[in-house]
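Read the structure below first, then the notes.
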Amino acid sequence: MRRDLCDGIGIARLLNATLVLPKFEVAAYWNESSGFADVFDVDFFIERTKGFVDIVKELPEEIAGKEPFRVDCSKRMGSFDYAEVVLPELLKHQFISITPAMSQRRDRYPLYAKAALCQACYNSLRLNKALEKKGFELLSAIPKPFLSLHLRFEPDMVAYTQCEYDALSPSSLKAIEAARGDRKPWTGDAARLWRERGKCPLTPNETAFILQALAIPTNTTIYLAAGDGILELEGFTSVYTNVHTKSSLLSADDFVAMHGNTKAVLDYYISINSEAYIATHFGNMDKMVSAMRALNGMYKTLVLSRKAFASSTSKGLVGKELASALWEAHKEDFVMGRGTALPDCFCEIGM
């Protein structure tokens with residue numbers, strides 16, 4: 001949502017359009033019903049984007065009863081011009097709802113649109129007071145120093161990647177199979193090539209092995225920035241025993257009352273403030289966290305290489321040989337030079 005919000009600001013600036021305060025998409029599987037104001041400081045957001053993009057909390061009366069004309073750019077491939085493609089629809093209908101193009105190159109935006117996008121993304125979004133207080137309480141409860149680990153191995157995520165695993169428990173395999181739907185796993189050479197391209201999530205046990213290969217002590221304090229339902233988690237916690245989670249640090253009432261957005265926000269808050277951050281998958285949250293950490297001069301940020309692990313194990317490497325290969329694959333990435341979510345902002349825009 002944060003990524004799409006950043007994109008929305010950039011597109012609004014390209015079109016010289018007024019942006020209506022975004023509404024979050026309802027996600028039934030998260031039991032999600034929170035709105036923008038439940039997460040972010042609305043007035044701060046509007047104030048900090050002045051001079052870049054005009055934002056209103058509600059639609060003007062003259063169009064408040066209209067449904068927006070929907071413009072879906074998500075399937076467009078390659079470079080295209082929002083002003084050329086979308087602006088005519090905006091002028092015709094006055095009020096549009098847009099789905100940004102997933103493949104659009106932000107580095108091709110004109111400088112004024114980059115400036116708006118980066119101002120919104122990095123200088124205009126802060127948590128509302130209640131969430132910031134909760135995040136600070138959670139951060140204060142974690143023993144220092146600590147490492148924040150974004151571990152991804154949920155049934156739906158594994159099912160989506162179409163990967164198969166031999167050594168999982170029957171209950172884990174059953175959960176993955178239930179989440180597959182029509183996405184059947186790759187088999188034969190296709191499965192091997194898919195895995196060697198780094199498309200298969202690291203299991204918690206594989207994650208623990210890589211951290212040991214990187215000489216990260218097993219008594220390290222680790223905050224687990226992860227959603228509910230991580231499979232095979234004991235494969236990690238049996239090796240790294242000093243692990244803290246939201247559910248272990250917050251009161252039971254607090255934790256049960258939280259929606260998915262709130263939990264994700266707390267993980268983000270902890271991760272941009274941790275002494276070190278490690279991700280097992282380079283998804284949207286990881287891109288935003290690594291960029292924000294780089295902006296704040298916090299370079300102890302590392303994304304584990306699924307491709308290196310798959311490549312090394314496919315060669316039959318095990319034990320010390322495998323650990324040595326994984327160290328070689330990761331050693332240059334211990335220090336990041338800049339963020340990876342919106343790198344053009346760091347190159348051309350003075351923040």
Side-chain angles (χ1 to χ4, degrees), residues 1-7 9 24 30 39-41 45 106 117-128 131-132 134-136 138-142 144-154 157 198 201-202 204 207 210-211 214 216 220-228 230 236 243-246 249 258 260-306 330 333-347 349 351:
M1 288 185 294
R2 191 180 181 101
R3 179 207 64 196
D4 286 348
L5 179 59
C6 297
D7 279 341
I9 292 288
F24 292 158
W30 263 0
V39 175
F40 297 112
D41 184 329
F45 178 63
R106 301 180 187 94
L117 185 150
C118 290
Q119 172 69 9
C121 211
Y122 296 107
N123 285 339
S124 304
L125 286 172
R126 75 179 183 190
L127 302 184
N128 63 38
L131 263 184
E132 191 162 29
K134 186 62 63 181
F136 182 77
L138 183 58
L139 182 63
S140 300
I142 304 171
K144 312 296 187 298
F146 74 96
L147 179 159
S148 178
L149 174 67
H150 190 205
L151 180 61
R152 299 295 314 275
F153 203 69
E154 304 92 340
M157 187 256 198
L202 294 167
T207 300
I210 297 175
L211 296 195
L214 301 180
I216 296 175
T220 299
T221 301
I222 294 176
Y223 173 79
L224 194 62
D228 302 329
I230 297 291
F236 184 83
V243 175
H244 300 266
T245 63
K246 294 180 291 295
L249 294 168
M258 287 181 182
N261 279 344
T262 310
K263 293 176 181 178
V265 162
L266 292 177
D267 283 342
Y268 175 83
Y269 181 88
I270 298 300
S271 296
I272 64 172
N273 287 292
S274 60
E275 281 79 7
Y277 177 75
I278 291 180
T280 62
H281 179 83
F282 201 48
N284 290 319
M285 173 172 159
D286 308 298
K287 293 173 184 177
M288 299 306 298
V289 167
S290 63
M292 187 60 75
R293 288 176 61 85
L295 183 65
N296 294 331
M298 303 172 72
Y299 298 117
K300 292 182 179 178
T301 304
L302 180 68
V303 179
L304 301 185
S305 174
R306 293 166 292 165
H330 289 89
D333 293 330
F334 263 117
V335 177
M336 283 187 56
R338 65 180 189 181
T340 48
L342 303 170
D344 44 283
C345 298
F346 294 93
C347 297
I349 307 298
M351 300 299 289

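- A search for side chain to side chain donor-acceptor pair (under 3.5 Å) contacts involving Ser148 returns Ser271, not counting sequence neighbours.
- The minimum heavy-atom distance between Leu147 and Ile278, with the atom names listed, is CD1-CD1, 3.6 Å.
- Two residues are said to be in side-chain contact when any heavy atoms from C-beta on lie closer than 4.5 Å; Leu138 and Tyr269 fail this criterion.
- The minimum heavy-atom distance between Leu125 and Arg2, with the atom names listed, is CB-NH2, 3.8 Å.
- For Asn296, there are no side chain to side chain donor-acceptor pair (under 3.5 Å) partners two or more places apart in sequence or in a different chain.
- Between Pro204 and Ile230, the shortest heavy-atom distance links the atoms CG-CG2, 4.3 Å.
- Counting heavy atoms from C-beta on, the side chains of Phe45 and Ile9 come closer than 4.5 Å.
- Of all non-hydrogen atoms in Ile222 and Phe236, the two that sit nearest each other are CD1-CZ, 3.7 Å.
- The shortest distance between side-chain heavy atoms of Leu302 and Leu214 falls below 4.5 Å.
- Residues Asp7 and Leu117 have side chains in contact (heavy-atom distance under 4.5 Å, counting atoms from C-beta outward).
- For residues 264-281, the set of pairs meeting the salt bridge (Lys or Arg N to Asp or Glu O under 4.0 Å) definition, not counting sequence neighbours, comprises Lys246-Asp267.
- Every residue meeting the side chain to side chain donor-acceptor pair (under 3.5 Å) condition with Thr221, not counting sequence neighbours, appears here in chain and number order: Asn242.
- Scanning both residues, Tyr277 and Arg293, for their nearest heavy atoms gives CB-NE, 3.6 Å.
- In this structure Arg152 satisfies the salt bridge (charged side-chain N to carboxylate O under 4.0 Å, His left out) test together with Glu154, sequence neighbours excluded.
- Atom-to-atom distance recorded for Leu249:CG and Leu139:CG is 10.5 Å, nearest 0.5 angstrom.
- Qualifying salt bridge (charged side-chain N to carboxylate O under 4.0 Å, His left out) partners for Lys134, counting only residues two or more places apart in sequence or in other chains: Glu137, Asp254.
- Looking only at side-chain heavy atoms (C-beta outward), His330 and Ile210 come within less than 4.5 Å of each other.
- In terms of heavy-atom proximity, His150 sits nearest to Asp286 at ND1-OD1, 2.6 Å.
- Distance CD1/Ile270 to CG/Leu224: 12.5 Å, rounded to 0.5 Å.
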